[in-house]
Amino acid sequence: MTQTLIWTVVALIAIGLYLSWTAGRLDRLHSRIDAARAALDAQLLRRASVAQELATSGVLDPAASIVLYEAAHAARQAEEDQREVAESELSQALRAVFGEAEQVEAVREAPGGEEAAGELAAAVRRVPMARRFHNDAVRAARALRRHRTVRLLRLAGHAPFPLAFEMDDEPPVALADRPS
């Protein structure tokens with residue numbers, strides 16, 4: 001009788017430790033998602049700001065400036081539910097404006113253009129990395145939240161189901177290959 005009671009207590013402690021560890025891991029994943037989302041938001045805002053600054057600098061031709069400015073402004077002002085679309089449109093505008101190396105060279109030759117082109121190239125390269133980090137954290141949290149134990153015991157609490165950030169983040173070829 002005593003031995004059975006001891007084994008039952010040991011089993012309950014082991015189960016409690018496992019559940020506590022799982023809940024803690026889930027909490028850490030949700031914190032990682034929040035941090036990755038903040039980093040992604042910062043990179044997206046930086047990219048849009050640099051694109052908007054370049055569009056208003058007078059370095060680009062008027063048509064390219066308007067296209068780039070409107071896309072960057074829309075990306076900065078987009079509501080959360082429209083953000084992925086607006087950021088994808090900014091990526092498309094960047095590819096349209098900087099699709100050819102001649103346009104990047106024209107920017108570089110203008111006063112202050114070397115710094116502007118370098119800053120835009122860095123911002124364009126960082127967005128896919130930030131999005132990848134965010135989506136990897138989301139994927140890990142989703143995998144853990146799909147476990148039967150997590151669902152049945154509601155270890156995720158009231159945290160919303162994490163969503164990946166899906167957008168077109170392919171950089172323009174002329175900017176993607178620039179050294180920083």
Side-chain angles (χ1 to χ4, degrees), residues 23-57 59-60 64-101 103-104 107-108 112-146 150 156-180:
R25 181 170 175 237
L26 192 56
D27 185 53
R28 287 189 303 275
L29 283 172
H30 282 210
S31 295
R32 190 171 125 200
I33 289 171
D34 291 341
R37 181 57 188 242
L40 175 61
D41 287 342
Q43 292 304 322
L44 291 172
L45 180 63
R46 181 171 183 250
R47 180 181 77 154
S49 297
V50 171
Q52 202 169 20
E53 184 180 317
L54 192 58
T56 59
S57 68
V59 174
L60 302 173
S65 291
I66 289 172
V67 167
L68 193 57
Y69 180 84
E70 287 180 355
H73 181 70
R76 290 183 72 179
Q77 301 297 321
E79 295 293 324
E80 192 59 37
D81 59 335
Q82 294 297 316
R83 183 101 187 259
E84 294 172 346
V85 173
E87 293 293 347
S88 293
E89 289 172 356
L90 177 55
S91 294
Q92 293 167 1
L94 286 167
R95 282 196 306 270
V97 171
F98 296 106
E100 298 176 7
Q103 186 70 8
V104 176
V107 169
R108 289 177 66 204
E114 184 68 38
E115 294 83 23
E119 193 173 344
L120 183 61
V124 164
R125 279 193 310 270
R126 288 182 180 141
V127 167
M129 289 187 294
R131 189 175 75 86
R132 192 173 314 120
F133 289 142
H134 174 266
N135 288 350
D136 287 346
V138 166
R139 194 173 6 265
R142 282 180 164 185
L144 185 58
R145 286 183 70 154
R146 283 192 196 106
V150 173
H158 297 289
F161 197 73
L163 299 174
F165 194 85
E166 296 300 332
M167 64 171 272
D168 173 9
D169 61 2
E170 183 179 335
V173 175
L175 287 176
D177 296 335
R178 283 187 46 80
S180 49

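Fair warning: this is a prediction, and the values are worked out from it, not measured in the lab.
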Query - Value rounded to 0.5 Å, distance of CD in E114 from CD in E119 - result: 12.5 Å

Report summary line: All heavy atoms of A116 vs all of V50, minimum pair found to be O-CG1, 4.3 Å

Query raised in the report: CG/D136 to CZ/R132 distance, rounded to the nearest 0.5 angstrom?
Result: 8.0 Å

Query raised in the report: Of all heavy-atom pairs between E84 and M167, which one has the smallest distance, and what is that distance?
Result: O-CB, 3.9 Å

Report task. Applying side-chain contact (heavy atoms from CB on, under 4.5 Å), name anything that partners L45, two or more places apart in sequence or on another chain. Result -> S49, R76

Report task. Quick one: closest heavy-atom pair of A117 and R108, and the distance? Result -> CB-CG, 3.8 Å

Query raised in the report: Measuring from L60:CG to Q103:CD, what's the distance to the nearest 0.5 Å?
Result: 5.5 Å

Report task. Measure the spacing between CG of L144 and CZ of R28 and express it to the nearest 0.5 Å. Result -> 10.0 Å

Report task. For Q92, check side-chain contact (heavy atoms from CB on, under 4.5 Å) against everything at least two apart and list the hits. Result -> E89, R95, D168

Report summary line: Rounded to the nearest 0.5 angstrom, the CZ-CG distance for R126 and L40 is 14.0 Å

Report task. Can you run down the salt bridge (charged side-chain N to carboxylate O under 4.0 Å, His left out) pairs that involve residues 36-53, sequence neighbours left out, and say none if there aren't any? Result -> R37-D41, R37-E80, D41-R83, R47-E87

Report task. Give the intermediate values and the outcome of side-chain contact (heavy atoms from CB on, under 4.5 Å) for residues D169 and V124. Result -> CA-CA 8 Å; D169 61 2; V124 164; over 6 Å; no

Query raised in the report: What residues, two or more places apart in sequence or in another chain, satisfy side chain to side chain donor-acceptor pair (under 3.5 Å) together with N135?
Result: none

Query raised in the report: How would you list, by chain and number, every residue that makes a side-chain contact (heavy atoms from CB on, under 4.5 Å) with P162, sequence neighbours excluded?
Result: I33, V138, A141, R142, R145

Query - Exercise: identify the closest heavy-atom pair between L68 and A51 - result: CD2-O, 3.7 Å

Query - With sequence neighbours excluded, residues passing side-chain contact (heavy atoms from CB on, under 4.5 Å) with T56 - result: Y69

Query raised in the report: Should F98 and L120 be marked as a side-chain contact (heavy atoms from CB on, under 4.5 Å) after you check the CA-CA gap, both sets of side-chain angles, and the distance that decides it?
Result: CA-CA 11 Å; F98 296 106; L120 183 61; 3.5 Å; yes

**Report entry** Exercise: identify the closest heavy-atom pair between V150 and A156
**Finding:** CG1-N, 4.4 Å

Report summary line: Heavy atoms of A75 and A48 approach each other most closely as CB-CB, 4.4 Å

